[in-house]
Amino acid sequence: MASHSQVLVEEKSSVRILTLNRPSQLNALCLDMISRLLQLFLAYEEDPSVKLVILKGQGRAFCAGGDALPLVRDIVQGKWRLAANFVTYQYTLNYVLATYSKPQVSILNGIVMGGGAGLSIHGRFRIATENTVFAMPETALGLFPDVGASYFLSRLPGFFGEYVGLTGARLDGAEMLASGLATHFVPSTRLTALEEDLCKVGTSDPSFVSTILDAYTQHPHLKQKSAYLRQVLDVIDRCFSRRTVEEILSALERETTQEPNDWISTIIGALKKASPSSLKISLRSIREGRLQGVGECLIREYRMACHVFKGEISKDFVEGCRAILIDKDRNPKWEPRRLEDMKDGMVDKYFEKVEEEEGWEDLKLLPRNNLHASAMATPKL
Amino acid sequence: MSDNRALRRAHVLANHILQSTPPSSNLSLTREVCLQYSPPELNESYGFDVKEMRKLLDGHNVVDRDWIYGLMMQSNLFNRKERGGKIFVSPDYNQTMEQQREITMKRIWYLLENGVFKGWLTETGPEAELRKLALLEVCGIYDHSVSIKVGVHFFLWGNAVKFFGTKRHHEKWLKNTEDYLVKGCFAMTELGHGSNVRGIETVTTYDPTTEEFVINTPCESAQKYWIGGAANHATHTIVFSQLHINGTNQGVHAFIAQIRDQDGNICPNIRIADCGHKIGLNGVDNGRIWFDNLRIPRENLLNAVADVSSDGKYVSSIKDPDQRFGAFMAPLTSGRVTIASSAIYSAKVGLAIAIRYSLSRRAFSVTANGPEVLLLDYPSHQRRLLPLLAKTYAMSFAANELKMIYVKRTPETNKAIHVVSSGFKAVLTWHNMHTLQECREAVGGQGVKTENLVGQLKGEFDVQTTFEGDNNVLMQQVSKALFAEYVSCKKRNKPFKGLGLEHMNSPRPVLPTQLTSSTLRCSQFQTNVFCLRERDLLERFTSEVAQLQGRGESREFSFLLSHQLAEDLGKAFTEKAILQTILDAEAKIPAGSVKDVLGLVRSMYALISLEEDPSLLRYGYLSQDNVGDVRREVSKLCGELRPHALALVTSFGIPDAFLSPIAFNWVEANAWSSV
């Protein structure tokens, strides 16, 4: 029963409100929550009386991501296939959301990170508030932005996706709206009223939902130091469009020598702190994702995740979790240590099947009628 | 009936008059009765690993290709638009010629700023060359104008400086060219002379008093014509000209001349006019140039093979003017290499669009009230598209092989590269034009919409059959080279070596009288037929030329009279060389589904080539029964390739955004809501 109470369900006529309810862990997703959500979403899709699904989080987070500690425990005990099993469910859920035939609204009134992004960004409507903090922090953990992030990050304007995915930079609600990660911005004080209005929806036509949301939405100003301001964005585009991580770094360094700048130094610092193997596979993943459908992205990310968990090329995921989540010394010892030690051939491996592993298969996604992922309505470029 | 129609019409009219508001969405067409788009991916499955196949087809630099695809998709300069819920990038061909030229230049600036051209002239070695070729190919998939404008600058101007020039030229120009501080063009063709470069009429003399060359356009037919980049952007050009020293014509030489200053003003003693609007490639500013006794420094002669001393003496390490000319022309091979491979990528775009459409568009029912049939389920539609798909596969391997021998070239391989690149350039570009026309017709009326690309590409790529060597002239050169090889081997009584003629040293292959399905699909049989045809035609051609020469005709005139055999031979040589490349590719991969499908594709390529060539019957290599068997097998292979059609075009690795709306949800792309 515990698993059910970790996802609260409210039925309001033809609307279902799902609340992630594990506030002490910032609603981090465990396997029980994921399978419960998957079960509920699939059932609602079949149920003609359900027209709209709302997803939100209890407490100060929407969802801080997948629960990494059990995964690391499994890996350390030599059972990486259990970790792979976890992401199989998680990615399947991401795929169902990306191809969902009914509108869903995610209310992002707090922390949205990693797996939390995978749960919301693929959906039709994403509501940011003044409390929203978004980030894909995987490269600092020795992982890579997964949960379909190679699909949605690569579809952000210019090369903002590479920036967000590689540096783990935090975005606020205004930046999410400006970049297209969020579709609407609603002040948190208005959320209760918005929910009540949404519960009156009697159709699955997204334009009706849109009309309601439009009535509540605001256009907040970007902060003075926002990364989404034109002049900053130009630098991000110039640098993060480069062919390799090394070239991105040297482009950024060239920018600072021309005009010393705090925020570029922060970016460089973040890249230098992150796992070199993570940076390289993340960049490749986003670049490939730009040219692929969401299903292909998840299948590729599954291969990559399995290689990360298996740890043959690099064990940075275990090391990153140790340094950030367990020992909290924030001083991971990456291996390979330097970018140039992470050769192209090693990067290639992450994108190949896990051949030598018995019984391993590529991720098999459920057949879906609505192949066309509607995520990432392109914002104005 | 007519009453009914009149009533209905009246009803419609009444509705128009009575209804002041547009019909609400509830009244709009109901879903049940309407056609719905169903993505091909829902009904088709992949029988092999498409990523593996893509690696084989692209052959090299897959990650770099994906990078530049992404670069173009993420920029506003590449005309992003949303159709049917998907993003497409494709030039706006409805822009004026002037607008297309400016946006093409801007796109090149953008690619430059992002480091795409880094090392294109300053890095050497096969790896750097392959990367450059891959990036250029992707430019051409986006827009032929971009790749041609880039190609003229780097491969014609840049390579001319690199290969015809010496250290002083390299230091002065190469890095500046790579950074686009100078914009180069290449003035070879004249109004009066195209393929016959030796006949050009531009004249250059030397003035020892000032140590300058004087370049002159003596008559209207000597005006430089079709010079890409000359009309608007180029600052410098390579000038091909006869070099007259002390009244002696030393033949064609190459010089560097500045034609515009840094502000874009045309230099004195230069006149430039526009070539005007073209049937395609309007993003390239082709111009005409006249030189009015233009003076250039002595150092501007590209002196790798010949030089003029300051006091006006002509010196050359190559004494024979024919050989000297050959040395000049050798670097032009790179153009044929890039054209051949870009033609295949264009055919891939056309086929990916037409085949995806044919897997989602239906027409006519075969049973009363039955569902309409998917276009590609018609055997006739399969016969139209799938053999072209197989040829495109085979030629894709041929283009890759050509690139490999080009980047690994040595002085010894120059001749082979010249022959193979000539044959491949002609056959691959003809194949592209043929494919695009078939694809245009196969998608019906949708094919005439520019945004659907297949029709537009015909105009954009048509010139490929002409530039860098007219296809017919190139094919004659292939036959002539084979003739020379044959005569030289026979005369010296030496075995054949090179150009794939080694099979001539073995006895003539004997073909079985009865052709079963398994014989027809056997690579040994296929090789034997192709060898037999090449060998026999080469023997016929040489004996016919010898006969004519015996009657007192000159060798050149005998070639002209034997043009029919020459044409058959050129084609036989090239098709056999292509077959060999796909056989080699097949042999390199481990047993499995990719290899199996490639085997089917290769058999289709071999058999369709036989079916389409009347020379097999004409010269009796195959009997009437045999050609009937070939024809039946082609039809069978169509049926067997049909389930792989989607996977085969997906393996092209061309991102969705670089195809067109009819390749995806064409219902939504055309819906009223998207008007």
Side-chain angles (χ1 to χ4, degrees), chain A residues 99 150 154-162 203 205 207-208 234 236-244 246-248 250-251 254 280 283-293 295-296 299-300 303 344 347-348 351-353 362 365 367-378 380-381, chain B residues 24-26 28 36-43 45-46 49-52 54-55 61-78 80-82 84-87 89 110-111 113-116 118-119 131 135 138 650 653-659 664-665 667-668 673:
Chain A
T99 54
S150 63
S154 63
R155 278 154 182 78
L156 298 183
F159 296 86
F160 198 66
E162 272 95 337
T203 162
D205 184 340
S207 61
F208 284 83
D234 284 345
I236 287 175
D237 279 350
R238 263 204 305 278
C239 298
F240 283 87
S241 60
R242 297 296 164 140
R243 197 168 63 96
T244 60
E246 288 93 330
E247 284 176 42
I248 291 173
S250 59
R254 259 200 314 281
K280 286 209 170 173
L283 181 65
R284 171 88 69 90
S285 176
I286 293 169
R287 295 275 161 90
E288 283 197 19
R290 186 163 280 142
L291 312 175
Q292 294 173 329
E296 289 170 280
I299 291 169
R300 173 177 33 73
R303 284 189 186 186
D344 283 352
V347 175
D348 290 344
F351 296 80
E352 289 165 8
K353 293 181 183 179
D362 267 328
L365 293 168
R368 305 281 295 164
N369 282 324
N370 185 27
L371 280 185
H372 167 56
S374 61
M376 307 320 298
T378 323
K380 285 192 177 60
L381 295 176
Chain B
S24 82
S25 60
N26 292 341
S28 71
Q36 276 204 64
Y37 174 76
S38 169
E41 282 82 359
L42 271 188
N43 309 309
S45 58
Y46 294 161
D49 186 342
V50 294
K51 283 191 162 173
E52 280 308 306
R54 185 208 168 182
K55 273 193 210 158
N61 299 88
V62 171
V63 175
D64 295 320
R65 289 171 200 268
D66 286 353
W67 167 58
I68 184 176
Y69 278 130
L71 270 184
M72 297 197 274
M73 284 171 66
Q74 294 307 99
S75 160
N76 290 333
L77 287 168
F78 290 79
R80 268 170 80 106
K81 54 184 189 294
E82 199 194 316
K86 283 188 86 87
I87 297 292
V89 285
Y110 169 80
L111 296 174
E113 280 164 17
N114 282 288
V116 170
K118 204 169 139 249
R131 182 163 157 241
L135 296 173
V138 177
T650 304
I654 299 168
D656 296 355
F658 291 75
L659 300 179
F664 302 94
N665 192 341
V667 178
E668 197 183 322
S673 57

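Letters go in sequence order (proteins before strands), and every chain restarts at 1.
- Heavy atoms of R238(A) lying under 4.5 Å from chain B belong exclusively to its backbone.
- For D344(A), no part sits under 4.5 Å from any heavy atom of chain B, backbone or side chain.
- Rounded to the nearest 0.5 Å, atoms NZ (K51(B)) and CD (E288(A)) are 5.0 Å apart.
- Using a 4.5 Å cut-off between heavy atoms, S154(A) contacts chain B through its backbone alone, with no side-chain atom that close.
- Taking the side chain as every heavy atom from C-beta outward, R243(A) and K118(B) never approach each other to under 4.5 Å.
- Proximity of Q74(B) to E162(A): side-chain heavy atoms (C-beta onward) are nowhere separated by under 4.5 Å.
- The shortest heavy-atom contact between D66(B) and L291(A) is OD1-CD1, 3.3 Å.
- With a threshold of 4.5 angstrom between heavy atoms, D64(B) approaches chain A through side-chain atoms but not through N, CA, C or O.
- Residues L42(B) and R368(A) come closest through the heavy atom pair CD2-O, 3.2 Å.
- The shortest distance between side-chain heavy atoms of R287(A) and V63(B) does not fall below 4.5 Å.
- Residue contact with chain A, scored on non-hydrogen atoms closer than 4.5 Å, involves the side chain of Y110(B) exclusively.
- Remark: side-chain polar atoms of W67(B) are not paired, donor with acceptor, to backbone N or O of R284(A) under 3.5 angstrom.
- Within the 4.5 Å cutoff, side-chain heavy atoms of D49(B) are placed close to those of K353(A).
- Interatomic distance, CG of N114(B) versus SG of C239(A), reported as 9.5 Å (0.5 Å rounding).
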